[in-house]
Amino acid sequence: MADRRNDDMRPDPFDSGRIRYHHSPAEPRAAMPDFEAWQDEAAPPPELAPARRLPRISMRWIMRGLGAIVIMLVLAIAWLAITAPLSQSLKPPTPPSITLTAADGTPIARRGAIIAEPVHAAKLPPHVREAFLAIEDRRFYSHWGIDPRGIARAAWANVGSGGVRQGGSTITQQLAKNAFLDSDRTAARKIREVMIAFWLEAWLTKDEILSRYLSNVYFGDNVYGLRAASKHYFGRSPEKMNIGQAAMLAGLVKAPSRLAPTSNLKGARARQAVVVGAMVDGGFLTPAQAEDVQPQRVLASRPRQLPAGTYFADWVLAEARDQAGEVQTEATVRTTLDRDLQRAAERVIRQAGLRQAQAALVAMKRNGEVVAMVGGRDYKKSAFNRATQARRQPGSTFKLFVYLAALRAGMSPETMVDDSPVEIAGWKPKNDDNRYLGQITLQRAFQRSSNVVAARLTQEVGVRNVIRAARDLGISTPIANEATIGLGTSEVSLLELTSAFAGVAEGRYPVQPHGLPDVRGKSWYSSLTGGQKTMPDRIHDDMLTLLAASVRGTGRAAALSVDAYGKTGTSQSGRDAWFIGFAGDLVVGVWVGNDDNTPNPGLHGGGIPAQIWRNFMTDALDLAPVVKAPVVEDVDPDAGLIGVVESEIAPIAGRLEGLGVDLQIDPDGSVTVNRPGPPPPPAPPRGRRREELQLELEDDPPPGF
């Protein structure tokens, strides 16, 4: 019986009924696999595995792919429209810059870039345009935003040099990067740059693209734009530049900070020669024309520009940036500065005859709007702002807080206090003139700036209450927890102390000094914390009474033809002298002293600071000069104004009659007393009272500590 395994034709159980034809017996046959090879976990033999078929790509999938590409392109354009607003590409981008203006809109200072009006490429001389095209983008007028030949050339040069030596960016790409992108070297940024370049080419003409590029490219020295650069370096407009000047500016684009001719003239001239050579290679110049180009010079002195630094501008800049937000383009911020008052402040400081001493002045409205600020005698010599940055001992001006605490404790200007020597925990304060009047009113003590009364009051009302009064009025600097603070031993700034006086003038405290108009309104934090507090009418009226008495006392040199209120202050050995007060709607503080804190013999708050204050107020409020008879009693001959030029003190002459006396005042300031009858008794020695003349200022000594 024949073996069926050897049949030439048999049904294949694994071929679904199909007949499998084997080769002839003469041909070798592969052996059938063992039974174990057909177990479920075993892989089918290679010779029996089904053949793989290539996938068939239908037209439907091709259309789906094209649709996806279109969707991605739309999404990319939307992404660009959000991250790089292309609508702004039709406007010339400007570099970061912030301009501060006075209250009337007049520019007073600029921080950031130096810029000028944009240029129009079509109106520039051909050699100016060609200098930039030769070194930056020779095929600018023939490509569509990117230059494949330039990219290939740069890539080949970079490979040969082993690093990045050349760039393949076109002028259009550079404009796209400068206008909308940062300087990150990422693929995403480069893709965006290319897309924006295409967009610019589609919407702008070549001359418009070149104009925007030249108007905003950086040329070193914080100068942006061709017009600003030509004026900055050569003192001429770009329309009048020669070939050498144009070539030098075109050469700066590669490394503007390093090649700026004001600091590296040799490097700028070498780069100028490279640009001239590129103009010859590009066919823009003939060799003969290139030979005639001379190395260029730059201005020895810079043209006069908008002031780049004033004390007020330095102080207000941080607040201005906060208001303007993140300054990515040019911004203009209006301030509270009054130009007329600022000029008056600078003038009175300049004319004060300070010799080696420094001075500072702050003028603000009662609501804290700073309208004038002088931080020193000369900003060019020293930008240190003594009105805001310096911390000095305020002397007797700090008594404002001592007497405020006393009024809060229930005292009044008529309250009797003891002006006699006192010792507090081993400390023995003394009056400046070593005179003690015994029982006097609180008003009289403030008028003559009694040190012993201030020390007694500080002890009686408590140091904490004095500190609290200072804090309530806005003093934030450290204050020692000791009785000596009543005499002004803790340091404070002129701006803060002037703001404290503004709180008294306004009757609401604290007053926040600010240099920008308050357009934001009350903050939520101020609403929750209560904001300003109103001073009780009784205390407010009593404070005005005390401050007015001081102007008739130690601050008599600050008297005006209108009601004036203020307080003098002098630290030990005349190191610091102050006068702070208010009249009308202005609150003004003046400080005089040396930067090294050395003594100034004869300097006191009732001298130069009071005079500066009076002169400024007379000008600011448009007042007539005050002509008063000098006080005959208690005048310290050593308490005169130091360093005041004779022309600054107006001569006083005239005749004062009445009250039983006849005073003849000579132009030299001498006083002759004429009385009917027997001659008056001789004047008592210095330091004793004159009972004969009961004038309003009968017992006012020179300013105290």
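Remember, predicted model here, so these are calculated numbers, not experimental data.
One distance of note links CD1 of Ile440 with OG of Ser450; it measures 5.5 Å at 0.5 Å rounding. Note that NZ of Lys365 is 9.0 Å distant from CG of Leu341, once rounded to the nearest 0.5 Å. Rounding to the nearest 0.5 Å gives a distance of 6.0 Å between CD1 of Ile485 and OG of Ser490. The distance from the CD1 atom of Ile539 to the CG atom of Leu544 is 12.0 Å, given to the nearest 0.5 Å. Note: Leu495 CG to Ser499 OG = 4.5 Å, rounded to the nearest 0.5 Å. In this structure, CG on Asp472 lies 12.0 Å from CD1 on Ile467, to the nearest 0.5 angstrom.
The main-chain N or O of Pro599 is never found under 3.5 Å from a side-chain atom of Ser573 such that the two would form a donor-acceptor pair. Checked by atom type and distance alone, the side chain of Arg366 pairs as donor or acceptor with a backbone atom of Ala505 at under 3.5 Å. Side chain of Asn615 to backbone of Val348: no donor-acceptor contact under 3.5 angstrom is found. In this structure, the side chain of Asn431 does not engage the main chain of Asn434 through any donor-acceptor pair within 3.5 Å. Arg339 places no side-chain N or O within 3.5 Å of a backbone atom of Ala102 that could act as its donor or acceptor partner. Not one N or O on the side chain of Ser382 forms a donor-acceptor pair closer than 3.5 Å with the backbone of Tyr379. Glu496 places a side-chain N or O within 3.5 Å of a backbone atom of Ser476 that can act as its donor or acceptor partner. Looking only at distances, a side-chain donor or acceptor of Gln532 sits under 3.5 Å from a matching main-chain atom of Pro510. Side-chain N or O atoms of Asn597 include none that pairs as donor or acceptor with a backbone N or O of Arg575 at under 3.5 Å. The backbone N or O of Val504 sits less than 3.5 Å from a side-chain atom of His540, completing a donor-acceptor pair.
Shown here are the salt bridge (charged side-chain N to carboxylate O under 4.0 Å, His left out) partners of Asp542, two or more places apart in sequence or in another chain: Arg538. With sequence neighbours excluded, no residue forms a salt bridge (charged side-chain N to carboxylate O under 4.0 Å, His left out) with Asp585.
In the model, Asn367 has no side-chain atom that pairs as donor or acceptor with a side-chain atom of Arg508 under 3.5 Å. No side-chain N or O of Gln443 forms a donor-acceptor pair with one of Thr441 less than 3.5 Å apart. Looking at Trp591 and Asp576, their side chains do bring a donor and an acceptor atom within 3.5 Å of each other. Ser420 and Arg456 form a side-chain donor-acceptor contact under 3.5 Å, judged by distance and modelled atom types alone. For the residue pair Thr554/Gln447, the side-chain donor-acceptor check at 3.5 Å is not satisfied. A donor-acceptor contact closer than 3.5 angstrom links the side chains of Asn594 and Asn600.
Looking at every heavy atom in both residues, Met617 comes nearest to Val588 through CE-CG2, 3.5 Å. Taking all atoms of both residues into account, the shortest heavy-atom contact from Gly486 to Ala454 is O-CB, 4.1 Å. Residues Ile580 and Thr498 come closest through the heavy atom pair CG2-CA, 4.1 Å. Nearest heavy atom pair, residue Arg391 against residue Ser493, reads NH1-CB, 3.2 Å. Shown here for Leu299 and Lys231, the closest heavy-atom pair between the two residues is CD1-O, 3.7 Å. When all heavy atoms are compared, the tightest approach of Leu586 to Phe616 is CD1-CE2, 4.5 Å.
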- Task: Could you please spell out the steps behind the side chain to side chain contact (heavy atoms under 4.5 Å, CB included) verdict for Thr484 and Leu487?
- Result: CA-CA 6 Å; Thr484 60; Leu487 306 189; 5.9 Å; no
- Query: Can Ile98 and Thr332 be said to form a side chain to side chain contact (heavy atoms under 4.5 Å, CB included), step by step?
  - Reply: CA-CA 6 Å; Ile98 184 168; Thr332 300; over 6 Å; no
- How far apart are the C-alpha atoms of Asp221 and Ile114, what are their side-chain angles, what is the distance that settles it, and do they pass the side chain to side chain contact (heavy atoms under 4.5 Å, CB included) test? CA-CA 9 Å; Asp221 268 4; Ile114 301 174; over 6 Å; no
- Task: Show your reasoning for whether salt bridge (Lys or Arg N to Asp or Glu O under 4.0 Å) applies to Arg448 and Asp433.
- Result: CA-CA 10 Å; Arg448 71 187 309 268; Asp433 60 350; 3.5 Å; yes
- Message: Determine whether Met543 and Leu407 satisfy the following criterion, side chain to side chain contact (heavy atoms under 4.5 Å, CB included), listing intermediate values before the conclusion.
- Response: CA-CA 8 Å; Met543 288 300 301; Leu407 296 178; 3.3 Å; yes
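Two residues are said to be in side-chain contact when any heavy atoms from C-beta on lie closer than 4.5 Å; Asp314 and Phe384 fail this criterion. Counting heavy atoms from C-beta on, the side chains of Val298 and His232 never come closer than 4.5 Å. The shortest side-chain heavy-atom distance between Arg386 and Asp595 falls under the 4.5 Å cut-off. Counting only heavy atoms from C-beta outward, the side chains of Tyr403 and Leu457 approach each other to under 4.5 Å. Residues Val370 and Leu337 have side chains not in contact (no heavy-atom distance under 4.5 Å, counting atoms from C-beta outward). Using a 4.5 Å cut-off on side-chain heavy atoms (C-beta onward), Leu603 and Thr570 make no contact. No side-chain heavy atom of Asn451 sits less than 4.5 Å from a side-chain heavy atom of Lys430. Between Ile475 and Thr477 the shortest side-chain heavy-atom distance falls below 4.5 Å.
Look at Arg334 and Asp104 and you find no salt bridge, because none of the NZ, NE, NH1 or NH2 atoms lies under 4.0 Å from a carboxylate O.
Residue Val466 forms a side chain to side chain contact (heavy atoms under 4.5 Å, CB included) with just one option from Val461, Ile479, Leu404, Asn481, and that option is Val461. Tested against Lys567 for a side chain to side chain contact (heavy atoms under 4.5 Å, CB included), the candidates Phe579, Trp578, Phe446 yield a single pass: Phe446.
Between Phe582 and Phe501, the distance from one ring center to the other does not fall under 6.0 angstrom.
Around atom CZ of Arg377, more than 12 heavy atoms belonging to other residues, nucleotides or ligands sit under 6.0 Å away.
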